[in-house]
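Model, not experiment: these values are computed from the prediction.
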Amino acid sequence: MKTHELFEAAQLDAMGLLDGQEQADFEAALMAASPALRAQIREEQARYAKPERLPAGVEPGPDLRARVLNAVKA
């Protein structure tokens, strides 16, 4: 996985949008990355995982994963 792909996957992972194989691929690529890059990616994930980023009581729609993946591809 290239660095920008790791960051994209990290964002999706932080939002719980990776399926089983994508999760495994991301974790393997992350473990192969340098310690500095791993730290930077985990810091980025922490920003996305903060609960205050979403309004209280709002559940993401079932199409969120598809919309995020389409936006990343674009």
Side-chain angles (χ1 to χ4, degrees):
M1 223 179 254
K2 295 179 182 176
T3 301
H4 75 278
E5 293 170 327
L6 269 172
F7 278 99
E8 290 169 357
Q11 292 169 359
L12 294 171
D13 178 55
M15 293 184 285
L17 297 174
L18 294 180
D19 66 25
Q21 185 58 54
E22 291 168 333
Q23 179 72 38
D25 292 345
F26 167 68
E27 290 296 333
L30 186 61
M31 290 299 102
S34 71
L37 182 57
R38 280 197 307 267
Q40 189 176 4
I41 287 172
R42 291 302 190 198
E43 183 177 308
E44 182 77 6
Q45 283 186 303
R47 286 189 325 113
Y48 277 89
K50 290 182 179 175
E52 64 271 11
R53 290 181 53 90
L54 294 175
V58 175
E59 290 293 322
D63 66 332
L64 177 63
R65 183 177 192 279
R67 290 186 326 201
V68 170
L69 291 175
N70 287 334
V72 169
K73 289 177 185 175

**Study point:** Glu44 and Gln40: side chain donor to acceptor below 3.5 Å
**Key:** no
Review point. Distance-only, no hydrogens or angles: does the Gln45 side chain make a donor-acceptor pair with backbone N or O of Ala10 under 3.5 Å?
Key: yes
Review point. Is there side-chain contact between Arg65 and Leu12, with heavy atoms separated by less than 4.5 Å?
Key: no
Check your understanding: So, Gln21 and Asp25: side-chain donor and acceptor under 3.5 Å apart, yes or no?
Key -> yes
Review point. Going from CE on Met31 to CZ on Phe26, what distance comes out if it is rounded to the nearest 0.5 angstrom?
Key: 8.0 Å
Check your understanding: For the atom pair CG (Leu6) and CD1 (Ile41), what is the distance rounded to the nearest 0.5 Å?
Key -> 4.0 Å
Check your understanding: Any ion pair linking Glu27 and Arg42 (charged N to carboxylate O, less than 4.0 Å)?
Key -> yes
Exercise for review: Give a yes or no answer on whether the side chain of Asp19 reaches the backbone of Glu22 with a donor-acceptor pair at less than 3.5 Å.
Suggested key: yes
Check your understanding: For the side chain of Glu5 and the backbone of Lys2, is there at least one donor-acceptor N/O pair under 3.5 Å apart?
Key -> yes
**Study point:** Leu64 side, atom CG; Met15 side, atom CE - distance, nearest 0.5 Å
**Key:** 6.5 Å
Review point. So, the side chain of Asp13 versus the backbone of Ala9: is there a donor-acceptor pair under 3.5 Å, distance only?
Key: no
